[in-house]
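Just the heavy atoms: all of them, side chains too, but no hydrogens, waters or symmetry mates, feed the values below. Residues take their numbers from the sequence shown, with the count starting at 1. Atoms within each ligand, like the ligands themselves, are counted from 1 in listed order.
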Amino acid sequence: MAKIILTGDRPTGRLHVGHYVGSLKGRVELQNSGKFDKIFIMIADAQALTDNAHQPQKVRENIIQVALDYLSCGIDPQKSTIFIQSMIPELTELTFYYMNLVTVARVGRNPTVKSEIKMRGFQASIPLGFFAYPVSQTADITAFAATDVPVGEDQLPMLEQCREIVHSFNSTYGETLVEPRIILPENKACLRLPGTDGKAKMSKSLGNCIYLSDDEETVRKKVMSMFTDPNHLRVEDPGTVEGNPVFVYLDAFCRPEHFAKFWPEYKNLDEVKAHYQRGGLGDVKIKKFLNQVLQAELAPIRARRKEWEAKLPEVYEILKAGTEKARAAAAETLYAVRAAMQINYFENK
Ligand code: TRP
């Protein structure tokens with residue numbers, strides 16, 4: 001069976017380093033591994049509209065931002081098909097049929113949906129389209145017969161729900177859809193990068209994100225004002241490493257070669273941690289190191305972004321060509337789905 005990747009992001013803002021370690025970096029590695037037959041990367045604007053129905057401008061503007069973030073991280077349009085969700089009506093049609101295979105109660109139990117309803121204050125009045133987005137996400141995944149879905153850990157319940165719908169479809173109408181699996185980063189620190197303020201998640205509304213497109217000085221300022229262990233008041237005090245945002249970021253980003261290059265006093269992160277726990281190592285030193293590590297990772301991304309920003313028409317061409325290619329793939333699945341559901345009236349004699 002062909003190995004196919006489908007993944008995507010909502011265009012509600014520029015992508016940040018949490019997206020990067022949680023999924024984007026891994027996607028580029030998967031893309032370059034040569035192990036996949038097809039790779040589809042979707043800008044999920046229709047899904048973004050499910051909770052931004054009154055801000056279409058915001059969604060529209062961020063399509064190009066997300067595309068630039070993809071390209072600057074190393075998503076290669078020669079190897080990966082980047083496309084825009086709403087331009088593929090087949091996805092909407094699949095969603096409509098899949099909705100018959102899911103109960104309201106089941107979607108209501110989806111932990112991601114639950115927490116998003118809370119976060120958005122939707123408790124009193126949940127838009128039906130928003131409530132149905134796990135079903136639409138199942139359409140996204142199955143339309144491309146995806147076998148592998150690299151996403152952030154928060155998307156795990158979406159994948160579970162997707163697999164249930166696939167089972168239900170296949171047992172009702174016959175084997176038609178492919179059951180996908182999730183690909184998560186192996187490094188635990190990458191699963192959920194906290195905000196610079198130590199809050200569980202980076203979020204634009206909390207103002208605690210480091211964006212891939214932030215300039216050098218902005219990144220430096222954000223790193224130097226990061227939260228650390230609140231009880232580590234004086235340099236001599238013993239400090240806590242667990243859950244300390246600066247150390248979580250180091251766990252996610254730093255590699256042995258960074259020590260040789262930027263901080264030869266230590267061989268590796270374990271030595272730094274041990275010193276911090278003993279006491280006698282100040283936060284400022286660690287932040288300066290983290291800043292160097294981050295700048296080293298982000299500098300090539302920033303440079304590529306500049307190049308792409310100078311040729312936006314080409315970026316739109318990439319999106320257009322990708323969308324056409326993706327639409328053809330989705331149409332094949334829809335054709336099979338219609339046949340399985342016996343609604344291909346003018347096809348079967
Ligand atoms: N829900 C995903 C997010 O918020 C975006 C998304 C939409 C997606 N459809 C998808 C991810 C299909 C993977 C597969 O980031």
His232 and Asp283 side chains, donor-acceptor separation under 3.5 Å: yes
Can you sort out which atoms of ligand 1 are near Met42, meaning under 4.0 Å from one of its heavy atoms? 7 (C), 9 (N), 10 (C)
For Val151, the ligand 1 atoms with a heavy-atom partner under 4.0 Å come out as 11 (C), 13 (C)
Is there at least one pair of N or O atoms, one from Gln155 and one from ligand 1, spaced under 3.5 Å apart? yes
May I ask you to check whether Gln137 has an N/O atom sitting below 3.5 Å from an N/O atom of ligand 1? yes
For the NZ atom on Lys311, are there more than 12 heavy atoms of other groups (residues, nucleotides or ligands in this structure) within a distance under 6.0 Å? yes
Roughly how far, to the nearest 0.5 Å, is the CG atom of Leu212 from the CD atom of Glu297? 9.5 Å
If the cut-off is 4.0 Å to any non-hydrogen atom of Leu6, which atoms of ligand 1 fall inside it? 12 (C), 14 (C)
Nitrogen or oxygen atoms of Gln47 and ligand 1 under 3.5 Å apart: yes
Of all protein heavy atoms, the one nearest atom 4 (O) of ligand 1 is Arg10 NE, 3.3 Å
Going by the order shown, which atoms of ligand 1 are within less than 4.0 Å of some heavy atom of Ala44? 7 (C)
In terms of side-chain heavy atoms, does Gln137 have a donor or acceptor partner in Gln155 at a distance below 3.5 Å? yes
With nothing but distance in play, are any N or O atoms of Asp140 less than 3.5 Å from an N or O of ligand 1? yes
For Trp263, is the NZ or CZ atom of Lys261 found under 6.0 angstrom from the centre of its six-membered ring and inside 45 degrees of the ring axis? no
Can you find a heavy atom in the side chain of Pro194 that is under 4.5 Å from one in the side chain of Tyr249? yes
Would you find more than 12 non-hydrogen atoms of other residues, nucleotides or ligands less than 6.0 Å from Lys79 atom NZ? yes
